[in-house]
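Quick caveat: nothing in here was measured; it's all calculated off a predicted structure. Throughout, residue positions are numbered sequentially from 1 according to the sequence presented.
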Amino acid sequence: QVQLVESGGGLVQPGGSLRLSCAASGSIFSSATMGWYRQAPGKRREFVAVINTGGNTRYADSVKGRFTISRDNAKNTVTLQMNSLKPEDTAVYYCRFTALSEYWGQGTQVTVSS
C-alpha cells in the first residue's frame, strides 16, 4: 500500500507561482512513474505532467514552458513547479503513483484569481 500526500496548493494571482509537492510512503518510489493531473469544476480529470524512473518528462500542451515536474528519490517526493499561472489553471491537482499498482493522492486545490 502506498499513501500519497499532496501539499502546496492555495490562492495565487494570475502570473504568480506555486510549488506543489507529493510525498509518497513506501520503499518503491524510485521504481514508480509519477504524475500530476488536475480536475476543474464540471470537467474531467486531465493530464498535466509525468516523470518516469529515468527522469524523462512529458507535459500537457497547456502547461508546457510554464510548469516543471521533478522528483527526489531520496525523499520519495515529486514536485510540480507552476509559474505564470492563469485562471484556467484553477483546479484540484492530484498526484498519481504508478508502479505495479496505481495510487492517487487526495488532491490539493489551486485557485488562480485576482
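- Both the sub-6.0 Å distance and the 45° axial angle are not jointly satisfied by Arg38 relative to the ring of Tyr94.
- Taking the centre of each ring, Phe47 and Tyr37 come in below the 6.0 Å mark.
- Under the 3.5 Å distance criterion, the side-chain polar atoms of Ser25 are matched with a main-chain donor or acceptor of Gln3.
- With rounding to the nearest 0.5 angstrom, the CD1 atom of Ile28 is 12.0 Å from the OG1 atom of Thr53.
- Scanning all heavy atoms of the two residues, the minimum distance from Ile69 to Tyr59 falls at N-OH, 2.9 Å.
- For the pair Ser30 (side chain) and Asn73 (backbone), a donor-acceptor distance under 3.5 Å is absent.
- Ring geometry for Phe29 against Phe97 counts as tilted: the plane angle lies between 30° and 60°, on a 0 to 90° scale.
- No side-chain donor-acceptor contact under 3.5 Å links Ser62 to the backbone of Ala60.
- Looking only at side-chain heavy atoms (C-beta outward), Thr98 and Arg96 come within less than 4.5 Å of each other.
- Gln106 is listed as a side-chain neighbour of Glu6, based on a closest heavy-atom distance under 4.5 Å.
- Put simply, the side chain of Tyr93 does not reach to within 4.5 Å of the side chain of Gln39, judged on heavy atoms.
- Inter-residue side-chain proximity for Ile51 and Asn56 is flagged as unmet; no heavy-atom pair is nearer than 4.5 Å.
- The minimum heavy-atom distance linking Val48 with Val63 is given by the pair O-CG2, 3.6 Å.
- Residues Leu20 and Thr79 fail the side-chain proximity criterion, which asks for heavy atoms closer than 4.5 Å.
- Distance alone, capped at 3.5 Å, is enough to place a donor-acceptor pair between the Thr90 side chain and the Val112 backbone.
- Contact record, Arg66 with Leu85: NH1-CA, 3.9 Å, taken as the closest heavy-atom pair.
- Counting heavy atoms from C-beta on, the side chains of Pro87 and Pro14 come closer than 4.5 Å.
- Counting only heavy atoms from C-beta outward, the side chains of Thr68 and Met82 never approach each other to under 4.5 Å.
- Closest heavy-atom contact between Ala24 and Val2: CB-CG1, 4.4 Å.
- The minimum heavy-atom distance linking Ala91 with Ala40 is given by the pair CB-N, 3.8 Å.
- Looking only at side-chain heavy atoms (C-beta outward), Trp104 and Cys95 stay at 4.5 Å or farther from each other.
- Of all the heavy atoms in Gln81 and Ser17, the pair that sits closest is NE2-CB, 4.0 Å.
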